[in-house]
Amino acid sequence: MLKTPNKCEVLAKIDRDIAEGERHVAEQIVLIKWMSEECLDTTLAQNLLFNLEQILEHWHARRQLILETDPQDQTHHL
């Protein structure tokens with residue numbers, strides 16, 4: 001039988017995901033700056049940055065929802 005992760009485990013996982021997402025965003029910003037300096041087209045790189053930022057926003061929202069979840073309420077799926 002599979003063990004359902006507890007709230008702390010879920011928060012730890014999403015915190016790792018957020019940290020990794022923030023790292024990806026920072027790396028993409030550096031890449032876009034370099035591309036701009038080299039007079040390269042940054043359209044696709046900027047689109048990717050936008051998507052990464054959107055994902056990061058969703059992860060932050062999910063984290064907040066998890067924090068607000070009542071641990072006694074078994075109807076919520078983390």
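Residue numbers count from 1 along this sequence. This one's a predicted model, so the numbers in the text were calculated from it and none came from an experiment.
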To the nearest 0.5 Å, what is the distance between CZ (R62) and CD1 (I55)? 14.0 Å

Are R23 and E27 within salt-bridge range, i.e. N to O under 4.0 Å? yes

I18-V25 co-clustered via ILVMFWY side chain contacts under 4.5 Å: yes

May I ask whether L40 and I32 are part of the same hydrophobic cluster, defined by side-chain heavy atoms of I, L, V, M, F, W, Y residues being less than 4.5 angstrom apart, directly or through others? no

Closest approach of I14 and W59, non-hydrogen atoms and distance? CD1-O, 3.5 Å

Measure the NE2-CG distance between H24 and D17 for me, rounded to the nearest 0.5 Å. 9.5 Å

Do K13 and E9 have side chains that get closer than 4.5 Å, going by heavy atoms? no

Measure from the side-chain N and O atoms of Q28 to the backbone N and O of Q46, and report whether any donor-acceptor pair falls under 3.5 Å. no

Under 6.0 Å from the CG atom of L44, do we count more than 12 heavy atoms belonging to anything else shown? no

To the nearest 0.5 Å, what is the distance between SG (C8) and CD1 (I66)? 11.0 Å

Compare every heavy atom of T69 with every heavy atom of K7, then report the nearest pair and how far apart it is. NZ-O, 2.7 Å

Minimum-distance pair of heavy atoms, taken over all atoms of M35 and D41: CE-O, 3.1 Å

Taking every non-hydrogen atom, the tightest pair across S36 and T42: OG-CG2, 3.7 Å

Does a side-chain heavy-atom distance below 4.5 Å link L52 with L56? no

